[in-house]
Amino acid sequence: MTGLRYVYAVCRPLAAPLQAELTGVAGAPAKLLHHHGLIAIVSDVPERDFAEGPLRAHLEDLDWLAATARGHQQVIDALTAVTTPLPLRLGTVFRDDSGVRVMIEEREEVFLRTLERLEGRVEWGVKIYVEPTGQEETAGPGVTEGKPVSGRDYLRQRRMKARTQEDTWQRAEQFSGRLHSLLSEHADAARLHAPQNSALSRAPGQNVLNAAYLVPRAESEEFVEIVDRTKGEEPGMRVELTGPWAAYSFVEPAATDGTQNGAESAGSTGSTGEEGS
């Protein structure tokens, strides 16, 4: 046997069947492994790609990593539709079913406590971007800013641009703070993540709010409506909503009652690399 066990998530026994012919990483079918009243969702993956050495090398290959992440997320999304999964890290691999069972036994108490905390809840992501203007600001009403004709003109344009940018960032900070406070009141928990680098995300504009909210599934429609009402409220600000997701940002409890910084969708319960060998 040259296959390894790739583990996507741990959950309680399913009340509804998982979608038929669900495939995940490397196009492998997803299977259910029952143990101690919990279920691990697993796939058989080839050792040539997922043993510790090859996996470490593949993690430097962005195309391979993106394809693997899509397969991983496809299974998590299917699980989220029928239950509350506890997602494990991308690249959580064990030698065989026995290794997966040992992992469940070792972490059983933590798994049960976390699943209880997340039960019936999903994660929604909200981002606010300051839209690019696409043009230089004008010097005043009815005046079109062009190439400066003197040093004084150049300094005046710089001052006007700096003043406009300062006003924009103040508005963005106030709008983000108001929206985050409002959404936090309609969520069981919230996390503030670091703003995304626009060069990496390729999203237009400057990200000023990158937050995740843990919302009861039954109250998600109301939460979405609240976000939708804020779109277009502040000129030059774009609000984006994503979800519902498995509660990646809330796998670990918050260190305090407030918000917690972290990487978006960084499920931290599993371990990257081959285990149980």
Side-chain angles (χ1 to χ4, degrees), residues 2-11 14 16-33 39-94 100 118 122-127 129 191 193-194 196-204 207 210-214 217 220 240-251 262-275:
T2 59
L4 301 173
R5 302 297 181 271
Y6 186 103
V7 188
Y8 301 91
V10 173
C11 63
L14 304 181
L18 205 55
Q19 71 182 59
E21 300 179 0
L22 175 64
T23 60
V25 170
K31 304 185 295 184
L32 306 183
L33 177 62
I39 295 175
I41 294 79
V42 305
S43 286
D44 295 334
V45 292
E47 190 168 354
R48 66 176 181 275
D49 289 323
F50 289 89
E52 185 175 359
L55 179 59
R56 187 180 296 115
H58 279 314
L59 293 178
E60 302 298 324
D61 182 341
L62 295 183
D63 290 337
W64 186 93
L65 189 60
T68 300
R70 284 194 298 271
H72 182 99
Q73 190 60 43
Q74 184 167 288
V75 173
I76 298 297
D77 288 345
L79 279 170
T80 305
V82 298
T83 189
T84 300
L86 180 54
L88 304 190
R89 285 179 183 167
L90 184 74
T92 299
V93 181
F94 292 84
V100 179
L118 300 180
V122 292
E123 177 175 327
W124 290 92
V126 176
K127 295 182 178 67
Y129 295 89
R191 298 285 189 274
H193 300 307
Q196 288 187 326
N197 185 321
S198 57
L200 298 177
S201 67
R202 298 183 180 179
N207 182 212
N210 181 12
Y213 303 91
L214 185 67
R217 195 184 295 268
S220 286
E240 288 190 358
L241 174 71
T242 60
W245 308 108
Y248 283 102
S249 299
F250 303 92
V251 167
E264 186 177 14
S265 294
S268 57
T269 307
S271 299
T272 302
E274 183 182 357
E275 299 189 19

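- Considering every non-hydrogen atom in both V122 and S220, the closest pair reads CG2-OG, 3.5 Å.
- Here the closest non-hydrogen pair linking E123 and A247 is OE1-C, 3.3 Å.
- Every residue two or more places apart in sequence or in another chain was checked for a side-chain hydrogen bond (donor to acceptor under 3.5 Å, both in side chains) with Q19, and none qualifies.
- With sequence neighbours excluded, the residues satisfying side-chain contact (heavy atoms from CB on, under 4.5 Å) with T23 are Q74.
- Proximity of H58 to F50: side-chain heavy atoms (C-beta onward) are nowhere separated by under 4.5 Å.
- Under a 3.5 Å cut-off, the side chain of N210 and the backbone N or O of K127 do not form any donor-acceptor pair.
- With sequence neighbours excluded, the residues forming a side-chain contact (heavy atoms from CB on, under 4.5 Å) with A30 are L22, I41, S43, V75, listed by chain and number.
- Atom CG of L32 is separated from atom CG of L79 by 8.0 Å, given to the nearest 0.5 angstrom.
- Between D77 and W245, the closest side-chain pair of non-hydrogen atoms falls below 4.5 Å.
- The main-chain N or O of G91 is found under 3.5 Å from a side-chain atom of Y6 such that the two form a donor-acceptor pair.
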Going by atom type alone, with no hydrogens or angles, which donor-acceptor pairs under 3.5 Å involve a side-chain atom of residues 61-69 and a protein atom two or more places apart or on another chain?
from, atom 1, to, atom 2, distance (Å)
D61, OD1, D63, N, 3.1
D61, OD1, W64, N, 3.2
T68, OG1, W64, O, 2.9

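- Listed here is the closest heavy atom pair of A40 and V7: CB-CG1, 4.3 Å.
- In this structure R70 satisfies the side-chain hydrogen bond (donor to acceptor under 3.5 Å, both in side chains) test with no other residue, sequence neighbours excluded.
- Looking only at side-chain heavy atoms (C-beta outward), P204 and Y129 stay at 4.5 Å or farther from each other.
- Within the model, atoms CG of L14 and CD1 of I39 stand 4.5 Å from one another, a figure rounded to the nearest 0.5 Å.
- Rounding to the nearest 0.5 Å places OH of Y8 at 10.5 Å from NZ of K31.
- Taking all atoms of both residues into account, the shortest heavy-atom contact from A211 to Y213 is CB-OH, 3.3 Å.
- A search for ring pair (Phe, Tyr, Trp, His ring centres under 6.0 Å) contacts involving F250 returns nothing, not counting sequence neighbours.
- Within the structure, salt bridge (charged side-chain N to carboxylate O under 4.0 Å, His left out) contacts touching residues 18-28 (residues at least two apart or in different chains) do not occur.
- A246 meets the side-chain contact (heavy atoms from CB on, under 4.5 Å) test with I76, T80, P85, P87, Y248; sequence neighbours excluded.
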field: side chain to side chain contact (heavy atoms under 4.5 Å, CB included) between D44 and R5, intermediate numbers included
entry: CA-CA 5 Å; D44 295 334; R5 302 297 181 271; 3.3 Å; yes

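- Applying the salt bridge (charged side-chain N to carboxylate O under 4.0 Å, His left out) criterion to R217, with sequence neighbours excluded, gives no partner residue.
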